[in-house]
Amino acid sequence: MPKYNPAEIEPRWQRFWDENKTFKTPTEVTGEKLYALDMFPYPSGEGLHVGHPEGYTATDIVSRHARMVGKTVLHPMGFDAFGLPAEEHAIKHNASPREFTEKNINTFVRQLKDLGFSYDWDRQISTTDVDYFKWTQWIFLVLFDTWFDADQQKGRPISELPIPTEIKESGEDAVRKYQDEFRLAFESHAPVNWCPALGTVLANEEVVDGLSDVGDHPVQRMPLRQWMLRITAYADRLESDLDQVDWPEGIKKLQCDWIGRSTGAEVDFFIGDNDQFEPWKKTRTENGFPRNLPDDALRVYTTRPDTLYGATYMVIAPEHGAVEKLTTTEQAPAVKKYCDDAAMKSDRDRQDDRTKKTGVFTGSYAINPINGQPVPIWVADYVLASYGTGAIMAVPAHDARDFEFAKTYDLPIIAVVLPPAKSEIDQAKLMAGEICFAGVGTAVNSEIYNDLPTDEFKNKIIETLDSAAVGCSAVNYKLRDWLFSRQRFWGEPFPILHELDEAGNRTGIMRPVPLESLPVDLPFVEDFKPHGRPEPPLEKADDEWLYPVIDGKKYKRETNTMPQWAGSCWYYLRFIDPDNASAFIDPELEKQWMPVDLYIGGAEHAVLHLLYARFWHKVLFDRGHLHTPEPFKKLVNQGMILGDVEFTAFRDTNEQWVSAELTCENDERKTVLKSTGEELHVVKLDPEQAEKEGDNFVLKSDQQIRVDSRAYKMSKSRGNVVNPDVIIAEYGADSLRLYEMFMGPLHQSKPWSMAGVNGVRNFLDRVWRMLVEEKAEELCLSSAVGDHSPTDEQVRMLHKTIKAVSKDIETLGFNTAISRMMEFVNFFTKQSERPKSLMEPFILLLSPFAPHLAEELWKLLGNDSSLAYEPWPKFDESLTVDARVEVPIQIMGKIKSKVSIERGKSAKELETIALQDPKIATLLEGLTVRKIIAVPDKLVNIVAN
RNA sequence: GCCCGAGUGGCGGAAUUGGCAGACGCUCAGGAUUUAAAAUCCUGUGUCCUUACGGACGUGCGGGUUCAAGUCCCGCCUCGGGUACCA
């Protein structure tokens, strides 16, 4: 009994593809190329999750389709394998992170092959391969060798950096140190996330709400020598080049917001005696606006220079360099205490305190350059040292934070912007300082600028400030430079040597490891357990590794390692030329294949990975190593696959049911009674126990009790994780692929449903039976399939299907493509004659979606080679439309009748046909026809009363 | 708070430029086949009224534009995601 048996078919075809290298990338691109890329996975110990194959199936369908339309396809897969979990595992089990990682990669490869993806496995790479990270280190050295020329907006070799004469005269070391200040990769003393409980430093992404992602321990900020990458230099290009790519608008916006470009002005407030203000202004006008701020002024950044007349006080960050200088002796103890407290505060505490504003008066005043008014200077932690100039002019009438602060400390509030007339803001309250208005409007209380609209005012006042040399227009970004080092073992070592003096101390001179000495491999380290101090584990390497001697000089290797992002910043380039031993990529191949045409992955990488990769790409582009300014032409984010829908009900301590709308979640994520906070039992219901009542679900046994119905994110703790291995074993890989595509639109998140998997399996069974004689002893074609000449109707069915499926693959509308194929099968299983000439093209249509089954049936239809490169079926437009159409006839927009007519009737003819329709004629009796709208082949609407 | 995204049957979801709401699948019900079951095949399945013929209502809510609105405009509500003192 030859039943559809994926467990037998699928491994057989996977072996066939493997042995015949069916999906090996051609060495030459002929005709059009397609580079279809998945965001490569982190090979976790848990193995593949059903979320992975969603995007992978999508790119696989696109790739398989592209091969059939004659494109040359690059479709690779690799692994982003550095990272904390492997290191943690190694510490716990006293094992090697490399072995653990390799084991996990093997599992992933096995699982991916089980799904029948058409990857070119000869190009498999892992970021942990020594041959791979050799080039990651090389790219780091490119960054190290590059400075950003702001005038040309371009990264250039450090050797081209203009050196001031006085530096040049001070000798070679001075020049090297000067250059070091401009490199895109540079050292700095930055605060890091130090977690005392875990005894380790954490990456930002491992800190959630000021607590460690693992174990919820508090995290402190402490300064440490770190490597930084000057991504801020590329902020403008990273923002403006988004115009060149075909990405979802939402993702572009996320990146823009993350870059956070804002325009405004820097303004200097004079610090000194009142009678010195006029002379100061005069000197300024004469000497111009100083690039480096002199001691006699406090510089602020504002996006609203138009509110300068409303600045009633100033605030500097507790970490601001001028705090001490500005603090009067009288205020010194209070200010010192405040700043010390702020430094001690963990991020968590700062978050908790965010709602209430605190601060302390320094005792000094600054003079507003526009009106000569003295304003008090405060210190407060709601101003960040790391943004703008670390100081602000506070305009409480027009900024919510300043308003709150002014109310707390009873500072004056002066309104200087009137809201537009149609606004609902209460003007009287605004003028009285009772409310705050942050929008735009027209100026008031601003002397000669009164009545100017905000925008005009801004431009005018920047001009004024500029000509008086007390301010200038300025741009700021939320984007910070990228903290690029980690104090971990399992990452790429930096290819940097620090020169040591006789005593073994760093001289401050750095030397890149030369290309011929790359890669710098990870040394053997006995034990990389955290030891309570934030020193990198590589400090424990033996002296031979740690202290190389070159040309008689002793060096110490850099012992920080790169973050996990490093390897994923350029892997898409290496896939093009994975075995190149002499370069990171062959320039000719790069020209052939770049950019990536389609890039699919999760939205969790919308900002960081995509921004970092674009940054590296631009640096490599500037330095002439690449020919495209952007790496990823089209980007699609797949939605999240949630667990099966769950029904939950709640019981109180007396075992009484509590209706869902009376409950809420408390801070500890426990479900409690809204009114009393009493903790409730959460009861998972069988779907049978719930039923729909109005807009909600209720208990069948007590319809007064509302229950919760929703799908949750899959998680181990919730126990709703679906393992792809299990689905493949039970339904087959083709069913899993098809189901994940059939669930809904690719970009949308959607709940898993086992019944749905069964549904698509049913469809594949029907495909099988459409062609296979199930009752026969041996595998053979169904008697219905043969060399019949097809009927018109059958031909139309095929051509309609080809058209729809082809279009849907192009727009990535896989769910509707599948439903069209279902319609085809539903139609033909009812036909007693199924012409082979129509069955063959159908199998080709199905093949990108369910490749194993398609290959099997293709062979059964008498073909002896793989269908992977068969030409994609073509359709004839004229054969996709029916000769007759059914046209609804409406009266006043309501359908009253339908007529079947020949396609292509004119509006005039339609009108006549509609009025002659007996049913319509009866209904129109006694009514006056006012107007008839007839849309050919669509509908007729009669307006009558 | 702010910024995105989404609300369509019991469920997942379909619906070129406004033009037959509910394609396709699941679920459920009935029937055929079968000694029986599984499998398969057929029929039905938005809500309400009606014995029926048929009719009324219906795309989160309230308004509007239009011959015609799931689709366009205005005002809300709910859910999901992101982000958080960025001046």
Side-chain angles (χ1 to χ4, degrees), chain A residues 3 209 248-251 253-254 256-258 260-262 264 300-304 307 315 350-351 353-355 357 380-384 386-395 398-402 404-405 438 476-480 603-604 606-607 639-640 642 644-645 687 690-692 695 697 709-711 713 739 742-745 747-760 762-763 765-766 769 774 807 813 815-823 825-826 829-830 886-895 898 930-935 937-944:
Chain A
K3 278 203 163 169
D209 293 338
E249 284 309 312
I251 300 297
K253 185 148 190 317
L254 270 176
C256 274
D257 289 350
W258 191 266
R261 184 178 204 271
S262 77
V300 300
Y301 171 70
T302 177
T303 54
R304 291 294 298 271
T307 59
V315 185
R350 285 207 181 187
Q351 296 229 338
D353 292 348
R354 193 166 36 208
T355 42
K357 299 271 179 292
D381 66 0
Y382 81 91
V383 170
L384 305 177
S386 52
Y387 184 79
T389 60
I392 61 155
M393 61 175 213
V395 186
H398 303 291
D399 180 281
R401 295 152 302 182
D402 297 344
E404 207 186 309
F405 191 82
N476 259 297
Y477 304 94
K478 285 193 206 177
L479 184 70
R480 303 295 147 86
E604 67 273 20
V607 177
M640 206 190 313
L642 307 171
D644 223 328
V645 176
E691 65 179 7
K692 186 102 179 182
D695 286 341
F697 279 90
S709 125
R710 56 169 287 204
K713 205 163 156 173
Y739 173 63
F742 187 60
M743 288 169 88
H747 59 89
Q748 198 169 296
S749 40
K750 47 229 158 208
W752 184 269
S753 146
M754 278 302 172
V757 187
N758 200 48
V760 292
N762 241 327
F763 163 64
D765 277 320
R766 285 210 311 283
R769 285 195 302 269
E774 246 191 334
K807 193 205 98 207
N815 52 334
T816 45
I818 294 167
S819 71
R820 297 310 289 259
M821 292 191 281
M822 287 173 167
E823 286 180 82
V825 173
N826 288 347
T829 44
K830 282 179 192 135
E886 198 174 58
V887 174
I889 304 168
Q890 302 178 330
I891 296 176
M892 300 301 286
K894 307 244 179 240
I895 294 161
K898 284 181 183 179
R930 303 279 173 201
K931 197 175 174 184
I932 300 179
I933 293 102
V935 184
D937 300 339
K938 281 270 155 66
L939 57 43
V940 182
N941 188 11
I942 300 166
V943 186

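A note on names: the letters A, B, ... follow the listed sequences, proteins ahead of strands, and every chain is numbered from 1. Since the model is a prediction, treat every value here as computed from it, not as a measurement.
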(message) For A:Val395, is there any backbone N or O sitting under 3.5 Å from a side-chain donor or acceptor partner on A:Asp402?
(response) yes

(message) Within the 4.0 Å heavy-atom criterion, would you say A:Arg769 contacts the bases, only the backbone, or no part of the nucleic acid?
(response) sugar-phosphate

(message) Taking any heavy-atom pair under 4.0 Å as a contact, classify A:Asn758: base, sugar-phosphate, or nothing.
(response) nothing

(request) Kindly label the base of B:G75 as syn or anti, based on whether its glycosidic torsion lies within 90° of 0. (result) anti

(message) Need one value for A:Ser262: base, sugar-phosphate or nothing, where a base atom within 4.0 Å counts as base even if backbone is also close, heavy atoms only.
(response) sugar-phosphate

(message) Keeping A:Tyr739 on the side-chain end and A:Ser753 on the backbone end, is there a donor-acceptor pair under 3.5 Å?
(response) yes

(request) Check every strand shown and say whether A:Arg766 touches a base, only sugar-phosphate, or nothing at a heavy-atom separation below 4.0 Å. (result) sugar-phosphate

(request) Assign A:Asn826 to base, sugar-phosphate, or nothing according to its heavy-atom contacts below 4.0 angstrom with the strands shown. (result) sugar-phosphate

(request) Tell me what A:Thr302 touches on the nucleic acid: a base, only sugar-phosphate, or nothing, going by heavy atoms under 4.0 Å. (result) sugar-phosphate

(message) For the residue pair A:Lys357 and A:Tyr382, would you count it as a cation-pi contact if the rule is NZ or CZ under 6.0 angstrom from the ring centre and within 45 degrees of the ring axis?
(response) yes

(request) Identify the two heavy atoms, one from A:Asn815 and one from A:Pro745, that lie closest to each other, and give their separation to 0.1 Å. (result) ND2-N, 3.7 Å

(request) For A:Ile818, report the nucleic acid contact type (base, sugar-phosphate, nothing); a contact means any heavy atom under 4.0 Å. (result) nothing

(request) May I ask you to decide if A:Gly893's main-chain N or O and A:Asn941's side chain share a donor-acceptor pair within less than 3.5 Å? (result) yes

(request) Please work out if A:Gly759 contacts a base, only the sugar-phosphate, or nothing of the nucleic acid, heavy-atom cut-off 4.0 Å. (result) sugar-phosphate

Scan nucleotides 2-5 of chain B against the protein and return all N/O pairs shorter than 3.5 Å with their distances rounded to 0.1 Å.
unit_1	atom_1	unit_2	atom_2	d
B:C3	O2'	A:Lys253	NZ	3.0

(message) For B:U66, give the paired nucleotide (Watson-Crick: N1-N3 plus N6-O4 or O6-N4; G-U: N1-O2 and O6-N3; both under 3.5 Å), or none.
(response) none

Pull out every protein N or O sitting under 3.5 Å from an N or O of nucleotides 20-22 of chain B, one pair per line with the distance.
unit_1	atom_1	unit_2	atom_2	d
B:C20	O2	A:Lys898	NZ	2.6
B:C20	N4	A:Glu886	O	3.4

(message) Strictly distance-based, threshold 3.5 Å: is any side-chain N or O of A:Arg304 a donor or acceptor partner for the main-chain N or O of A:Ala438?
(response) yes

(message) When the C1' atoms of B:U16 and B:G58 are compared, how many Å lie between them, rounded to an integer?
(response) 25 Å

